[in-house]
Number of protein chains: 2
Amino acid sequence: MTATTSTLGFAILAVLARADSTGYEIAGRMRHPIGRFWTASYSQIHTDLQRLLAADLVEYATAPGPGPQDKKVYSITAKGLGALRDWVTQPPRPQPERDELVLKTYAAWLADPATLIEMFRTALRQHEERLAEYESAWVAVEERAPAFGTPGFGNMATLRCGLTYERHRAEWCRWMIDQLSRSLEPS
Amino acid sequence: MTATTSTLGFAILAVLARADSTGYEIAGRMRHPIGRFWTASYSQIHTDLQRLLAADLVEYATAPGPGPQDKKVYSITAKGLGALRDWVTQPPRPQPERDELVLKTYAAWLADPATLIEMFRTALRQHEERLAEYESAWVAVEERAPAFGTPGFGNMATLRCGLTYERHRAEWCRWMIDQLSRSLEPS
DNA sequence: TCGGGCATGTAATACGTTACATGATTCA
DNA sequence: TGAATCATGTAACGTATTACATGCCCGA
């Protein structure tokens with residue numbers, strides 16, 4: 001009868017550990033910046049929030065809000081903070097990887113190389129854009145040098161992951177383009 | 001009324017484009033080597049195979065097999081091969097990213113650094129193991145230098161992606177361990 | 001003889017997305 | 001006036017996981 005909290009539940013708790021928020025605001029943070037490593041729609045958050053409420057991991061205060069209903073400002077409870085802390089250091093269980101581009105690559109030998117080059121060039125451009133975005137954010141974060149124990153540490157650490165990820169992706173796309181180009185003009 | 005094939009459907013077609021297989025064999029390939037970038041259980045494959053059959057993208061020949069029922073050896077049809085070829089060069093639609101370790105990292109500032117170091121050390125070890133595995137496979141593949149137009153090209157290209165991915169992950173884990181260590185012993 | 005691999009299939013449940021429904025405020 | 005943002009919530013659908021059910025053959 002141990003109420004198991006879903007991963008999304010912990011994502012919500014992680015948001016509330018930083019600041020009290022309405023469901024709508026949580027959804028906003030789920031799009032950005034959390035969207036890079038965890039996604040959820042408002043509907044899903046709403047449902048999960050009810051479960052967290054039932055398990056006393058969050059609570060809310062009502063406030064007059066726009067629209068017909070009151071708005072509910074959620075906050076994390078002491079119990080919720082404890083559950084979140086425990087979860088953080090628990091080794092992540094193996095997740096199913098799903099990457100459409102790599103799956104296409106697996107079957108790429110069947111297709112037209114010139115069209116494939118175009119596809120990878122598009123992908124490369126997107127990764128380079130994101131990389132540039134992350135790199136400028138990195139400069140800003142490095143100056144501040146956020147200490148462990150402050151939310152800024154979480155921001156820096158996840159940004160660092162995004163940074164090396166985009167570098168890896170861009171590198172791979174360039175390699176793919178190079179390989180495919182060679183297959184077009186043999187020496 | 002255009003029967004849309006799911007991504008898993010194309011994964012199945014990609015397997016059958018390489019060799020005729022039973023559903024059970026497809027499930028095996030879905031675990032390895034495809035499991036690194038696309039996962040599916042037998043149940044799911046079975047259901048999808050029926051849809052591909054209805055859409056004439058695959059066909060099967062019965063053969064006496066173990067167990068009470070005949071075994072069905074599936075193969076890709078000309079129509080299926082055409083659909084697969086078209087799909088390969090279509091730009092992948094943006095997928096939701098979900099990475100539990102990074103989500104934990106986002107909330108890591110709340111937890112105990114020493115325990116976190118342990119968690120990242122475990123992750124690092126796993127990535128290094130996989131990297132070593134991929135690197136030895138790479139040596140073998142580079143020698144053969146598979147040409148475009150052969151399935152070997154798909155193997156090499158996906159392996160290359162795995163290689164740079166594991167390097168990025170290992171690098172990030174080392175950075176995390178370093179950062180967390182600093183927070184333990186301040187100068 | 002007992003477990004594991006080969007091989008098929010169904011059913012229940014959980015998870016996630018999309019569409020729907022309501023309605024105030026703000027800004028162009 | 002009309003779209004965008006803030007804010008709640010429900011319902012339908014589709015996808016994915018887990019458990020179940022059957023049964024042969026092979027090797028320890």
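Basis for what follows: all heavy atoms, side chains included, without hydrogens, waters or symmetry-related copies. Numbers restart at 1 for each chain; the letters A, B, ... are given by sequence-line order, proteins then strands.
- When atom types are taken as modelled, the side chain of A:E185 and the backbone of A:S181 share no donor-acceptor pair closer than 3.5 angstrom.
- A sub-4.0 Å separation between OP1 or OP2 of C:dA24 and a side-chain N or O of A:K71 is absent.
- Counting to the nearest Å, the P atom of D:dA19 and the CD atom of B:Q44 are 16 Å from each other.
- Atom CZ in A:R98 sits about 11 Å away from atom P in C:dG16, given to the nearest Å.
- With sequence neighbours left out, B:Y60 forms a ring pair (Phe, Tyr, Trp, His ring centres under 6.0 Å) with B:Y74.
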Can you give one letter per nucleotide of nucleotides 20-28 of chain D, 5' to 3': B if a protein heavy atom sits under 4.0 Å from the base, S if only from the sugar-phosphate, - if neither?
---BB----
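- The salt bridge (charged side-chain N to carboxylate O under 4.0 Å, His left out) analysis of residues 91-108 of chain B, with sequence neighbours excluded, yields the pairs A:R93-B:E100, A:E100-B:R93, B:D99-B:R169.
- Remark: P of C:dG16 and CD of A:Q95 are 11 Å apart, rounded to the nearest angstrom.
- Here the P atom of nucleotide C:dA24 and the CG atom of A:D70 are 14 Å apart, to the nearest Å.
- Legend: salt bridge (charged side-chain N to carboxylate O under 4.0 Å, His left out) pairs involving residues 136-163 of chain A, not counting sequence neighbours: none detected.
- The backbone N or O of A:A108 lies less than 3.5 Å from no partner atom in the side chain of A:T105, so there is not a single donor-acceptor pair.
- Counting only distance, with no hydrogens or angles, the side chain of A:T77 and the backbone of A:L57 share a donor-acceptor pair below 3.5 Å.
- Screening residues 93-117 of chain A for ring pair (Phe, Tyr, Trp, His ring centres under 6.0 Å) gives A:Y106-B:F37 as the qualifying pairs, with residues at least two apart or on separate chains.
- For DNA chain C, the residues of residues 45-59 of chain B within the heavy-atom distance limit of 4.0 Å (strictly under) are B:H46, sorted by number.
- DNA chain C lies under 4.0 Å from no heavy atom of any residue of residues 6-25 of chain A.
- Under the salt bridge (charged side-chain N to carboxylate O under 4.0 Å, His left out) criterion, the residue pairs touching residues 30-42 of chain B are B:R36-B:E133, with sequence neighbours excluded.
- Across the protein-nucleic acid pair, A:R93 atom CZ and D:dT18 atom P stand 9 Å apart, rounded to whole Å.
- Where the helix from C:dT1-D:dA28 to C:dA28-D:dT1 starts and where it ends, the local axes point in directions that differ by 30°; five pairs per end, rounded to 10°.
- For A:W172 (side chain) and B:A157 (main-chain N/O), a donor-acceptor pair under 3.5 Å exists by modelled atom type.
- A:D112 is linked by a side chain to side chain contact (heavy atoms under 4.5 Å, CB included) to A:A114, A:T115, counting only residues two or more places apart in sequence or in another chain.
- Partners of A:W87 according to the ring pair (Phe, Tyr, Trp, His ring centres under 6.0 Å) rule, which considers only residues two or more places apart in sequence or in another chain, are A:F10.
- Here salt bridge (charged side-chain N to carboxylate O under 4.0 Å, His left out) pairs that include residues 42-61 of chain A, with residues two or more places apart or in two chains, are A:D48-A:R51.
- In terms of position along DNA chain C, the nucleotide closest to B:R31 lies nearer the 5' end than the nucleotide closest to the other residue of the pair B:Y42 and B:R31.
- Ring geometry for A:F153 against A:F148 counts as perpendicular: the plane angle is over 60°, on a 0 to 90° scale with 30° as the lower cut.
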